[in-house]
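I have a structure here, written as structure tokens, and I will follow up with some questions on it.
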Amino acid sequence: MRIGICPLFDNETELCESHIFPKFAYKDLRWNNQSRFVTWEKECPPMQTGYKVPLLGRKAENLFSKYENWFAQHIYRPFRNGELKESVCYDEKLYFFAALQTWRGCLYATRESGRDGFVEGLYDCLIGVMEEWKNYLANGVMPPVYDTFYLMPLGKKHIRLPLFLEVEFYLRRIFEFNIMMSEAGNAVYCKLPSFIIWAPLGRQSQIDYGFKIMPEGGTFDFSNYEITDSEVIDYLLYKIDKTVEWRKHLALTNPQKIKDIQAKMAADKEFQKSELAEILSKPSLSEMQLSGEEFTMSFIF
């Protein structure tokens, strides 16, 4: 048990082992009880339920769970299961979920990296942003400046990228928190499987971040949506390229471990029916690069 100050309610309490990303999303990616998750940001063993740290008090965890469950039931799972293809109505819970997820990611990132881990001025900007979001989450006060969140779906028909293994793997299974820095505008980037939550750090951005989430609720129409903004596509390609590098690193540094895992998966009947099995059946950029072929993301796009 760890006693500390809950950063949301500023009270001394027992700090829970908090997931940086929602627990339900990790749970939905597993195909059996032996499934594990890895992170390339930290040297730590594979995790059964995703990366978590002592962060929030029980009151904050219970509050967040209510909105995470709403997102899982009404948008996340129906979309990933192929049931949500056209219009979807949402209420204020989606705005709250976007705020909590971006706030929690910023909180973790600023605590882990400190001022020196960010470009000049960005750390102080995030501290100000977090204060506005915190006041909204804890007290219901709308953010006066940083009040805009977007939801971007990453279905196959929403982004025209070649369906290589690493592309599908990144879009459908990777979690990531970062800041997209661009001359056209900076934004908090919160990547979940099949979705991105964006929070612009300025009002003048010309970037198309997807569907703007209205605080009082509204409707999204996923049927004709396509990601066409060049800044967003370039950023996704950059992230996918990092996934290629990561797979190459694993293949070169742990060849026997990779073979053992593949053999175990091949013998698992549950795995053969899983989303991951479908993704791993696709051609791999890593294998093409390892074989010496000149086949990079910039070329295929």
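We count residues from 1, following the sequence as given. Only heavy atoms go into these numbers, but all of them, side chains included; no hydrogens, no water, no symmetry mates.
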- Query: Please, which pairs that meet salt bridge (Lys or Arg N to Asp or Glu O under 4.0 Å) have at least one residue in residues 128-138, sequence neighbours excluded?
  - Reply: D10-K134

- Could you pull out all residues at least two apart from E120 that satisfy side-chain contact (heavy atoms from CB on, under 4.5 Å)? none

- Item | Partners meeting side chain to side chain donor-acceptor pair (under 3.5 Å) with D208 (sequence neighbours left out) | none

- Query: Which side-chain hydrogen bond (donor to acceptor under 3.5 Å, both in side chains) pairs, counting each pair once, include a residue from residues 211-224, with sequence neighbours left out?
  - Reply: D221-S223

- Got a sec, which residues hit ring pair (Phe, Tyr, Trp, His ring centres under 6.0 Å) with F195, two or more places apart in sequence or on another chain? F71, F79

- Taking the side chain as every heavy atom from C-beta outward, state whether K59 and N11 have any atom pair closer than 4.5 Å. no

- Item | Parallel, tilted or perpendicular, as decided by the 30° and 60° cut-offs, for the rings of F175 and F21 | tilted

- Query: According to the interplanar angle, ranging from 0 to 90°, do the rings of F64 and F96 count as parallel (below 30°), tilted (30 to 60°) or perpendicular (above 60°)?
  - Reply: perpendicular

- Query: Do E278 and K156 sit within salt-bridge range, that is, some charged N less than 4.0 Å from a carboxylate O?
  - Reply: yes

- Message: Could you check whether any side-chain heavy atom of W103 comes within less than 4.5 Å of a side-chain heavy atom of L8, counting everything from C-beta outward?
- Response: yes

- Counting heavy atoms not belonging to K93, are there more than 12 under 6.0 Å from its NZ? yes

- Message: Please tell me whether F177 and Y108 form a close aromatic pair, meaning their ring centres lie under 6.0 Å apart.
- Response: no

- Message: If the test is side-chain contact (heavy atoms from CB on, under 4.5 Å), which one of D124, I127, T110 qualifies with R115?
- Response: D124

- Query: How are the rings of Y150 and Y209 set relative to one another: parallel (under 30°), tilted (30 to 60°) or perpendicular (over 60°)?
  - Reply: tilted

- Message: Any non-hydrogen side-chain atom of L126 less than 4.5 Å from a side-chain atom of L201?
- Response: yes

- Message: Using side-chain heavy atoms (C-beta onward) and a distance below 4.5 Å, is F169 in contact with S284?
- Response: no

- Quick one: do V188 and C106 satisfy side chain to side chain contact (heavy atoms under 4.5 Å, CB included)? Show the steps, please. CA-CA 8 Å; V188 174; C106 284; 4.0 Å; yes

- Query: Pick one: which of S230, S182, P200 meets side-chain contact (heavy atoms from CB on, under 4.5 Å) with I207?
  - Reply: S182

- Message: Between the side chains of E176 and K242, is the shortest nitrogen-to-carboxylate-oxygen separation below 4.0 Å, so that they form an ion pair?
- Response: no

- Could you tell me how the ring of Y235 sits relative to the ring of Y238: parallel (under 30°), tilted (30 to 60°) or perpendicular (over 60°)? tilted

- With sequence neighbours left out, the residues meeting ring pair (Phe, Tyr, Trp, His ring centres under 6.0 Å) with Y95 are Y136, F149

- Identify the heavy atoms of G210 and M152 that sit nearest to each other, and give their distance. N-CE, 3.8 Å

- Message: Among I197, I196, I179, exactly one meets side-chain contact (heavy atoms from CB on, under 4.5 Å) together with Y189. Which residue is that?
- Response: I196

